[in-house]
Protein chains: 2
Amino acid sequence: MSAQETNGTLVPPSVHEAIGLRLAGLDQRYTPMRRVLVETLAQAGHPVTIPEILSSAPGLPQSSAYRNLTALMEIGVVRRVAGADDHGRFELAEELSGHHHHLVCARCGKVEDVHPSPRLERALGEAARAVAAEQGYEVTDHQLDLMGLCPLCVER
Amino acid sequence: MSAQETNGTLVPPSVHEAIGLRLAGLDQRYTPMRRVLVETLAQAGHPVTIPEILSSAPGLPQSSAYRNLTALMEIGVVRRVAGADDHGRFELAEELSGHHHHLVCARCGKVEDVHPSPRLERALGEAARAVAAEQGYEVTDHQLDLMGLCPLCVER
DNA sequence: TTGCGAGTGAGAATCATTCTCGGATACGCT
DNA sequence: AGCGTATCCGAGAATGATTCTCACTCGCAA
């Protein structure tokens, strides 16, 4: 089963619309390449490295991938997350992909998404505000990274 | 007032002892430079970049700083955390510095430590195990990053 | 059609980090 | 004390991810 068959749930047209509008507002264009990048990130379901992106879209020049990812970051559509290795990883902003946290394998560096229970989310939100206020910070966002071993690496 | 005068509370002798023992176990030495690095990280109270380390210890060669930080990472005494900018940040392992989370300023990249309330910590621990088990992960550690604006950047 | 601003791709440039290597230093052994 | 060996040190080169440059192309509007 290809991801295409279920893309209705993966990349709703409204997402592309929203991105197109934001780009237009800055006199920028939602080119096919940018669309491909957004689709790729959306369908991956976890933060993706540049090599992964390049191998999933053969022929795509590295410099263009970086340039467009940066452009998408600047309009707040894409976010960069740091993993265990020295490759940056890119994912769609939570605004588009839904709020989630990360499961990081300490051995192989893989990163997966996890979606928190409402109960945990409520506790996190409260705690974040309280703790941050103590130091004069104004928290807009939070992220929980769970470090451990993925199923494959557990078997050793 | 020099930091030396209060070092009793900042870097308990037991910490240096423990590090010395671990290094000895791997036929490595706890050299003065490594000791300085540990003191620096302990006294900073937040993750520190290489430039910060170098400017707080004039004359210290960059390559040596990296080499020794790496050595300390390999024995699990130092941990590397990624910030918003493209500089790695180093901190003492939680085992030595106490469990804590990070407050990250989205504007200036500064990172501060925050110490969680027991209630939050309990909720996080439980949630971590539950969520991770669902995907077959074995979680050993977790970290909460609170993103927002630091007091200085709020004033704009 | 023409003009202009944005996008593209190849390669060079940048910059944090890692590696290399000759010399200095510390610890174990006799 | 003297020696041998393994570790450590510092300076600079090498690596590699990311960013920049620039000439060319493309899409849109007048």
Side-chain angles (χ1 to χ4, degrees), chain A residues 16 19-41 47-75 77-91 109 111, chain B residues 16-17 19-38 40-41 47-75 77-91 109 111:
Chain A
H16 288 308
I19 297 176
L21 283 175
R22 269 205 242 179
L23 282 167
L26 291 169
D27 282 315
Q28 299 193 339
R29 300 171 194 157
Y30 196 21
T31 63
M33 184 178 185
R34 290 177 181 178
R35 195 174 289 257
V36 166
L37 286 173
V38 169
E39 293 271 353
T40 302
L41 295 187
V48 181
T49 63
I50 286 284
E52 283 168 354
I53 291 174
L54 294 184
S55 66
S56 80
L60 189 156
Q62 198 182 49
S63 62
S64 296
Y66 275 112
R67 173 159 27 75
N68 285 309
L69 248 5
T70 303
L72 291 170
M73 280 174 54
E74 278 167 0
I75 63 167
V77 165
V78 165
R79 196 162 71 100
R80 183 179 182 167
V81 316
D85 51 19
D86 53 5
H87 272 94
R89 287 160 196 268
F90 300 85
E91 68 177 6
V111 181
Chain B
H16 288 307
E17 260 178 57
I19 296 176
L21 283 175
R22 270 206 242 180
L23 283 167
L26 291 169
D27 281 314
Q28 299 194 341
R29 301 170 194 157
Y30 197 22
T31 62
M33 184 178 184
R34 292 177 181 177
R35 195 174 288 259
V36 166
L37 286 173
V38 169
T40 302
L41 296 187
V48 180
T49 64
I50 286 284
E52 283 167 355
I53 291 174
L54 294 184
S55 66
S56 81
L60 188 156
Q62 199 181 47
S63 61
S64 296
Y66 275 111
R67 173 159 27 77
N68 286 308
L69 247 5
T70 302
L72 290 169
M73 279 174 57
E74 279 168 359
I75 63 165
V77 165
V78 164
R79 196 162 72 99
R80 184 181 182 166
V81 315
D85 51 19
D86 53 4
H87 271 95
R89 286 160 197 268
F90 300 86
E91 70 177 5
V111 181

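Quick caveat: nothing in here was measured; it's all calculated off a predicted structure. Protein chains get the first letters and strands the later ones, always in sequence-line order, with residue 1 at the start of each.
- Taking Arg67(A) as the reference, nothing meets the salt bridge (charged side-chain N to carboxylate O under 4.0 Å, His left out) condition, with sequence neighbours excluded.
- Contacts between residues 20-28 of chain A and DNA chain C, counted as heavy-atom distances below 4.0 Å, involve Asp27(A), Gln28(A).
- Of the residues in residues 54-69 of chain B, those lying under 4.0 Å from DNA chain C by heavy-atom distance are Gln62(B), Ser63(B), Tyr66(B).
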Just the table, please: protein N/O against nucleotides 23-30 of chain C N/O, every pair under 3.5 Å.
none

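- To the nearest 0.5 Å, the span separating CD1 on Ile53(B) from CZ on Phe90(B) amounts to 6.5 Å.
- A nucleotide of DNA chain D counts as in contact with chain B when one of its atoms lies under 4.0 Å from a heavy atom; the first and last such, 5' to 3', are dA6(D) to dG12(D).
- Every residue two or more places apart in sequence or in another chain that forms a side chain to side chain contact (heavy atoms under 4.5 Å, CB included) with Glu52(A) is listed here: His46(A), Val48(A), Thr49(A).
- Not a single side chain to side chain contact (heavy atoms under 4.5 Å, CB included) links Leu21(B) to another residue, sequence neighbours left out.
- Within the structure, salt bridge (charged side-chain N to carboxylate O under 4.0 Å, His left out) pairs that include any residue of residues 27-37 of chain B do not occur (at least two apart or interchain).
- Qualifying side chain to side chain contact (heavy atoms under 4.5 Å, CB included) partners for Gln62(B), counting only residues two or more places apart in sequence or in other chains: Ile50(B), Leu54(B), Tyr66(B).
- Side-chain contact between Glu91(A) and Leu41(A) is absent, with no heavy-atom pair separated by less than 4.5 Å.
- Partners of Asp86(B) by salt bridge (charged side-chain N to carboxylate O under 4.0 Å, His left out), not counting sequence neighbours: none found.
- Judged as a side chain to side chain contact (heavy atoms under 4.5 Å, CB included), and not counting sequence neighbours, the contacts of Glu74(B) are Thr70(B).
- With sequence neighbours excluded, no residue satisfies salt bridge (charged side-chain N to carboxylate O under 4.0 Å, His left out) with Arg80(A).
- We find the CZ-CD1 distance between Arg22(A) and Ile75(A) to be 6.0 Å, quoted to the nearest 0.5 Å.
- Ile19(B) CD1 to Tyr30(B) OH: the interatomic distance, rounded to the nearest 0.5 Å, is 4.0 Å.
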